Amino acid sequence: METHAIDPQAMMGDEGGARLLLEAHKVTKQFEGLTANRDIDFDIPRNAIVAIIGPNGAGKTTFFNQLTGIYAPTSGSISFDGVDITGMQPHEVAELGTARTYQNIRLFQNMTAIANVQVGRHVRMRGQWFHAIFGTPSIRREEEEVLQRARELLELVGLRRRTENELAKNLSYGDQRRLEVARALASDPKLLLLDEPTAGMNPGETRQMTDFIGRLRRELRLTILLIEHDMKVVMGVSERITVLDYGEKIAEGEPAEIRANPRVIEAYLGKQATA
Amino acid sequence: MRGSASQLRRAISLGLITGAVMLYLVAVGIVLAFSARNTITGVVTLGRLMLAAPPLAAGYVVARRGTDLAPRLVAGLLLGAVSGVIVAAALLFASAVDIRHILVRISPPLLAFLAFDQDASIGALLNLALAAALGLIGAVAAVVPSRVRRPAITGVIGVVVISMLEPFLRPRLTDFKLEGVSRFLFTHKGLSIASAIVVFAIFAVGSVAWPRVRARYRARVAAADPGTQATIRGVTLLLLIVFLLALPQIAGSFLSQVLVFVGLYTLLALGLNIVVGYAGLLDLGYVAFYAVGSYLTALLTSPISSLGVGLPFWVALPIVILGAAVTGLFIGAPVLRLRGDYLAIVTLGFGEIARLLFLSDALKPWFGGTQGILGVPPLFGVAKVSVPILGWQLTGPTLTYYPLLFFCVIAAIVATRLKYSRIGRAWNAMREDEDVAQATGVNVTNYKLLAFALGASVGCLGGAVFATHLASVFPGTFNILVSITVLSIIILGGMGSIPGVVVGALALIGLPELLREFAEFKLLVYGGVLVLMMLLRPEGLLPDRVRQQELHEADEEEEPGADGGALTPAEQG
């Protein structure tokens, strides 16, 4: 088995493009009078690891869902890799090169591990129903490639070979988290969005996960956005942190700055610092 | 001892339930209806066996638990006795008080049957004794090792099945100049005692021998070199094809008619399987596509339809498929946003709308209202085909069988290929979690529409063939029961499983056609079968490998070292 089978070049963003992979301008989201996000300006430089933090209910997930097309912003605009994605459908945003994981793992429970990853590859496949029905050589080749690729990805995230035909729901918690990452990586994303990737993990597992995130950026040249409510997790791994509170951006900067920012301490860290 | 006390309590409560089930079977009339069928002439009828089945099965269930022999057997006996007491009490009550105005089926012949043609009090005692004995036999079956139980059960099933097939086997055996076999097997519409013993023995021995023969055969195939394996596969496939082609000739005209129904419903179920089994869209209005296939075929091919173009079937077929696919899109589009129960209700409505449209006076100039469309020519343009060398004369069902077989094979291949492709996986993902599937890049809208359109295209083939088979179409054929029957076939066979669909169609369509007495109780039996399946084997008779795992993961052992989830991103990387 080749260990460096995943070619970093294949996943690399267009280095010649703009410096910013994602730009959000004055994004506002209202739910029947409740303003979940207000005038948020946010961007992600290519090949960076950035984090959005904030206490529970700060509007992190709402913002995240607008980046991935699940909600359309009430006002403001979002562009990804030079394309205006404001109001696009989730599958369209995914096709442009984003992939995500979920805070409370959401795998395709009753499908095998390998099939989960194969579905993750969906947007990069071209086979249509008529190809499938007639079993054309092109679709056979594509299927073989995808199977091969899915196996490589399972290996990359550290899932043992024999688990590939297990149903996703029968995997252990840690394996399910890894499988979710493999599924997200399968689409060759430019931007990987991780929603509380260390939720439910002990300190040891958390450290392994943050190491792994760093490795993904290095080896696959990925740009990564983390969402966390636990500030300690993101301090080590991300180079820029954005803090949301009550739906507004209250601070942005390097981890050291954020740690020292009085508004952040007041809104968020204050309780923890005194605890 | 507390364990055995609770076992006895369980025996009593199960006995009460068993007694109630027996009374129910008696009161709906199903037992008496089948008492005209001899299983072993002069010994036992099918009706009697039906009444015997509940205490047998319950005795087996109650005695499966426990370690000590005596309490288990006592539990079975007690259970049988309790159920017998209920039946006996009911018999005495019904003999003393006339309750026919409430339960119309409780007729004097029924009471006489129940009392073994004896006086009511003697009959009651006989029932009590018999039920107790059956409960005990059931318990014994649970106690003996499975190498004894399996052959015994297989033998009994063999006797019942062979006796049920008597009306069809006998004339066929005569046709094939095997009157001797026929005369030995059957007397007075049932097996003779001697033949019953022989049949029992053959099946019992077969159940022991078959797995061994198969295992040895498989081992030899596995040991052979790849070239030989390919040859074996080819020959097996060839034999299967020859068998399927010759089947109507072996089965004769009546059984061919049954096969045509089975084939029709297999085709419908293969189509619905795409929608329900793969994509997880619970469509209760599937009959609409069957209707569209039938009506379009009739319109296009019948010279006396409103169109009057009289196209040949094979020319009309592509138009029919296209029409059905478009109908699938029309029905699919408004329900795209609906999920689960809501989807089921709305599609149910669409199914009825389709039927009412074809029935309506407004569209009578097109579809003929209640009169339907007549004059649909036979599928090959002629009513009779002679096969030169073999000397076969194909007419009616023996002729319709072939296109149905052809379409079923095509549909099965299409379904299999879709299942193991990007498309099938996208459908499965959608079934599992629509939101995540979309976020993963599946265009949910398109894939739902595709499922409806492809499901409709397969379903319309059934309608097309059937219109030519009956030479006419009537709106009455396309009622909600068709949708429900097709769905039942899928559930019985196993969602998403293609062999399961065939088995489901054989069981739910083939069996009732063979047992004419069933007709009246068909829906009752369907309901009972579905409830039992959901309780005992929710994955279906012949489940998909993955789906079986899904419903029985609790049975599997926890694998040691399946790990508590420390994240170890590939050290080799």
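Only a predicted model underlies this, so the values are computations on that prediction, with no experimental measurement involved. In what follows, every chain begins at residue 1, and chains take the letters A, B, ... in the order their sequences are listed.
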Chemist: With the side chain counted from C-beta on, respond yes when L272(B) and I490(B) share a heavy-atom pair under 4.5 Å apart, and no when they do not.
Modeler: yes

Chemist: Flag the pair I49(A) / S238(A) as yes when at least one side-chain heavy-atom distance between them is below 4.5 Å, and no otherwise.
Modeler: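 Yes, side chains in contact.
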
Chemist: So among T86(A), N37(A), T61(A), which one has a side-chain hydrogen bond (donor to acceptor under 3.5 Å, both in side chains) with Q66(A)?
Modeler: N37(A)

Chemist: Determine the option with the most heavy-atom pairs under 4.5 angstrom with chain B, choosing from G135(A), S187(A), G69(A).
Modeler: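 Between G135(A), S187(A), G69(A), the count favours G135(A).
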
Chemist: Quick one: do E164(A) and R151(A) make a salt bridge, cutoff under 4.0 Å?
Modeler: yes

Chemist: Select one option (side chain, backbone, both, neither) describing which atoms of F134(A) are under 4.5 Å from chain B's heavy atoms.
Modeler: backbone

Chemist: Where is the tightest heavy-atom contact between V123(A) and A94(A), given as atom of each residue plus distance?
Modeler: CG2-O, 4.4 Å

Chemist: Check whether E95(A) gets within reach of chain B through its side chain, its backbone, both or neither, counting any heavy atom under 4.5 Å.
Modeler: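 Looking at E95(A), nothing touches chain B.
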
Chemist: Would you mind telling me which of D433(B), V436(B), L454(B), L450(B) has the largest number of heavy-atom pairs within less than 4.5 Å of chain A?
Modeler: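 Heavy-atom pair counts peak at V436(B).
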
Chemist: Flag the pair E144(A) and R141(A) as a salt bridge only when some basic side-chain nitrogen lies within less than 4.0 angstrom of an acidic carboxylate oxygen.
Modeler: no

Chemist: A side-chain contact here means heavy atoms from C-beta on lying under 4.5 Å apart; do V276(B) and Y286(B) qualify?
Modeler: no

Chemist: Examine H91(A) together with Y447(B) and report whether their ring centres are nearer than 6.0 Å.
Modeler: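 Not under 6.0 Å, so no.
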
Chemist: I'd like to check the ring pair (Phe, Tyr, Trp, His ring centres under 6.0 Å) partners of F108(A); sequence neighbours left out, ordered by chain and number.
Modeler: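 Partners of F108(A) by the ring pair (Phe, Tyr, Trp, His ring centres under 6.0 Å) criterion come out as none, since no residue qualifies.
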
Chemist: Pairs in or reaching into residues 448-458 of chain B: which pass side chain to side chain donor-acceptor pair (under 3.5 Å), with residues at least two apart or in two chains?
Modeler: E434(B)-K448(B)

Chemist: For chain A, which residues of residues 419-430 of chain B have at least one non-hydrogen atom nearer than 4.5 Å to it?
Modeler: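 Under the 4.5 Å heavy-atom cut-off, Y420(B), S421(B), R422(B), I423(B), R425(B), A426(B), N428(B), A429(B) qualify.
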
Chemist: Quick one about E228(A) and T198(A) (side-chain donor to acceptor, distance below 3.5 Å, no hydrogens or angles considered), yes or no?
Modeler: yes

Chemist: Which residues from residues 403-418 of chain B are near chain A, with near meaning under 4.5 Å between non-hydrogen atoms?
Modeler: V414(B), R417(B), L418(B)

Chemist: Does the pair D435(B)/R339(B) count as a salt bridge with the N-to-O cut at 4.0 Å?
Modeler: yes

Chemist: If I measure from the heavy atoms of chain B, does R124(A) come under 4.5 Å with its side chain, its backbone, both, or neither?
Modeler: neither

Chemist: If I measure from the heavy atoms of chain B, does Q128(A) come under 4.5 Å with its side chain, its backbone, both, or neither?
Modeler: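 Q128(A) touches chain B through backbone and side-chain heavy atoms alike.
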
